[in-house]
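Structure first, then comments.
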Amino acid sequence: MAGSTQWCSPVIRREVDHARCRAGAMLLALGCALLAGCASGGEEPTPPVTTPSTGASAAATLVVVGSGTTIAHLDSQDEIARWASQVLVVTPRSEEPRDSGGAPEVGRDVTVEVDEVIWTAADAITSLGEGQRSTFYEYPAYVQGEGDLVPAVEEGRSRLELGQPGVVFLADDVVDDEQAFTLLHVSALEEGQVSLAGAAGRVDISHLAQQVDAAALRVDRLTPHPGESLVQRLERYPVEE
């Protein structure tokens, strides 16, 4: 596995610039979501209480939200090797939408059970095993509707649906001063295959671990450090001066 360097190619440099833009967009989106509920003086009306849509009607009204908040675009095995710590098959068991403070897009905490471990990076700080449960933050998960929360998904990825197996690509992160996982990408699992971000084709999941390990030999991996957030890791990405 290649170590950190002080130089990167123009292609990698462009990827870094794009990733930094996405990181800024993500932080701005999350900041706006948090600040939206902090209007002063009590002058803003209280947002109406909304509940998630469920069942077949929810699937039929899935809203696709434009991309821009994803910090890493996992469109190849190289990018998985560069950013991810684990790839897992999981089944969502429960969810809890977060208060958006009236913002149009709503995140949620979704608790999943691990069905299968597909790949784990050798330097992963956090890892999950089969049968374990963990809770991830997914954003956006809903958009505000007329009295209901309408299921939503970011363009280029799938949505975790309760009771339905899916594949998650996870990165080591620090959230609220705790070591945790952040969702980088979600893919539906269809006939043993997954889709990467923006990829036209699908990847056989039985070959994915071998392909990512091979990719790790040719990329500069952003090795996670204990106590370091994903954004902080991005800041030390080697860029040509």
Side-chain angles (χ1 to χ4, degrees), residues 1-2 9 11-12 15 18-19 22 59 62 64-65 67 69-93 95 110-141 151-173 181-224 230:
M1 185 177 299
S9 71
V11 174
I12 296 299
E15 290 177 356
H18 290 173
R22 289 192 293 268
L62 182 65
V64 177
V65 179
S67 61
T69 61
T70 300
I71 194 170
H73 198 61
L74 300 193
D75 56 1
S76 68
Q77 287 84 344
D78 283 15
E79 292 307 295
I80 297 171
R82 192 187 314 279
W83 290 92
S85 290
Q86 269 200 312
V87 180
L88 308 171
V89 178
V90 301
T91 299
R93 298 303 184 189
E95 65 165 4
V110 55
T111 299
V112 305
E113 183 174 342
V114 179
D115 299 324
E116 183 180 356
V117 177
I118 301 301
W119 176 80
T120 302
D123 57 13
I125 299 171
T126 309
S127 64
L128 296 170
E130 293 183 13
Q132 287 188 282
R133 292 195 177 197
S134 187
T135 300
F136 306 130
Y137 179 63
E138 188 178 30
Y139 178 91
V153 65
E154 184 178 331
E155 184 178 2
R157 64 192 286 179
S158 301
R159 187 178 190 274
L160 291 171
E161 301 292 353
L162 297 183
Q164 299 181 19
V167 180
V168 293
F169 299 74
L170 307 170
D172 275 299
D173 200 358
F181 268 145
T182 286
L183 277 175
L184 291 179
H185 183 65
V186 177
S187 173
L189 180 60
E190 299 177 356
E191 298 181 349
Q193 296 184 323
V194 296
S195 293
L196 303 183
R202 299 181 65 80
V203 178
D204 191 324
I205 200 168
S206 65
H207 300 155
L208 186 61
Q210 183 178 1
Q211 292 170 353
V212 175
D213 281 337
L217 299 176
R218 60 178 179 262
V219 303
D220 285 324
R221 175 167 168 79
L222 275 74
T223 304
L230 194 56

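Only heavy atoms go into these numbers, but all of them, side chains included; no hydrogens, no water, no symmetry mates.
At a threshold of 4.5 Å between non-hydrogen side-chain atoms, the residues Leu183 and Leu170 count as touching. Proximity of Val168 to Phe181: side-chain heavy atoms (C-beta onward) are nowhere separated by under 4.5 Å. Taking 4.5 Å as the limit, some side-chain heavy atom of Asp123 sits within range of a side-chain heavy atom of Pro224. At least one side-chain heavy atom of Pro140 sits less than 4.5 Å from a side-chain heavy atom of Glu154. Between His185 and Val167 there is no side-chain heavy-atom pair separated by less than 4.5 Å. Residues His207 and Val203 fail the side-chain proximity criterion, which asks for heavy atoms closer than 4.5 Å. Side-chain contact check for Ile205 versus Leu189: some heavy-atom pair is nearer than 4.5 Å. Leu208 places a side-chain heavy atom less than 4.5 Å from the side chain of Ile80.
In this structure, Glu138 contributes its side chain and Val110 its backbone to no donor-acceptor pair below 3.5 Å. Looking only at distances, no side-chain donor or acceptor of Asp172 sits under 3.5 Å from a matching main-chain atom of Ala124. For Arg159 (side chain) and Val186 (main-chain N/O), no donor-acceptor pair under 3.5 Å exists by modelled atom type. Using a distance-only test at 3.5 Å, with no hydrogens or angles considered, a donor-acceptor pair links the side chain of Arg221 to the main chain of Ala81. Under the 3.5 Å distance criterion, the side-chain polar atoms of Ser187 are matched with a main-chain donor or acceptor of Ser195.
Closest non-hydrogen pair, Pro92 versus Leu160, comes out as CG-CB, 3.8 Å. Heavy atoms only, all atoms of each residue included: Gln164 and Thr91 are closest at N-CG2, 4.1 Å. The heavy-atom pair separating Thr120 from Ser127 by the smallest distance is CG2-CB, 4.4 Å. Counting all heavy atoms, side chain and backbone alike, Val90 lies closest to Val114 at CG1-CA, 4.2 Å. Here the closest non-hydrogen pair linking Gln77 and Gln211 is NE2-OE1, 2.8 Å. Heavy atoms only, all atoms of each residue included: Asp115 and Pro165 are closest at OD2-CB, 4.3 Å.
No side-chain donor-acceptor contact under 3.5 Å links Asp78 and Ser76.
In this structure, Arg157 CZ and His73 NE2 are separated by 11.0 Å, a value rounded to the nearest 0.5 Å. Distance check: Leu88 CG to Glu130 CD gives 9.5 Å after rounding to the nearest 0.5 Å. One distance of note links OG of Ser85 with CH2 of Trp119; it measures 7.0 Å at 0.5 Å rounding. Atoms CG and CD, from Asp204 and Glu191 in turn, are 11.0 Å apart once rounded to the nearest 0.5 Å. Between atom CZ of residue Arg133 and atom CZ of residue Arg93 there is a gap of 6.0 Å, rounded to the nearest 0.5 Å.
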Query raised in the report: Do Val64 and Val153 pass the side chain to side chain contact (heavy atoms under 4.5 Å, CB included) test, and can you show the C-alpha distance, the side-chain angles, and the key distance before you say yes or no?
Result: CA-CA 5 Å; Val64 177; Val153 65; 4.2 Å; yes

Report task. Would you please test Thr111 and Thr135 for side chain to side chain donor-acceptor pair (under 3.5 Å) and show each step? Result -> CA-CA 4 Å; Thr111 299; Thr135 300; 2.7 Å; yes

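Remark: Gln132 CD is packed, more than 12 non-hydrogen atoms of other residues, nucleotides or ligands lying under 6.0 Å away.
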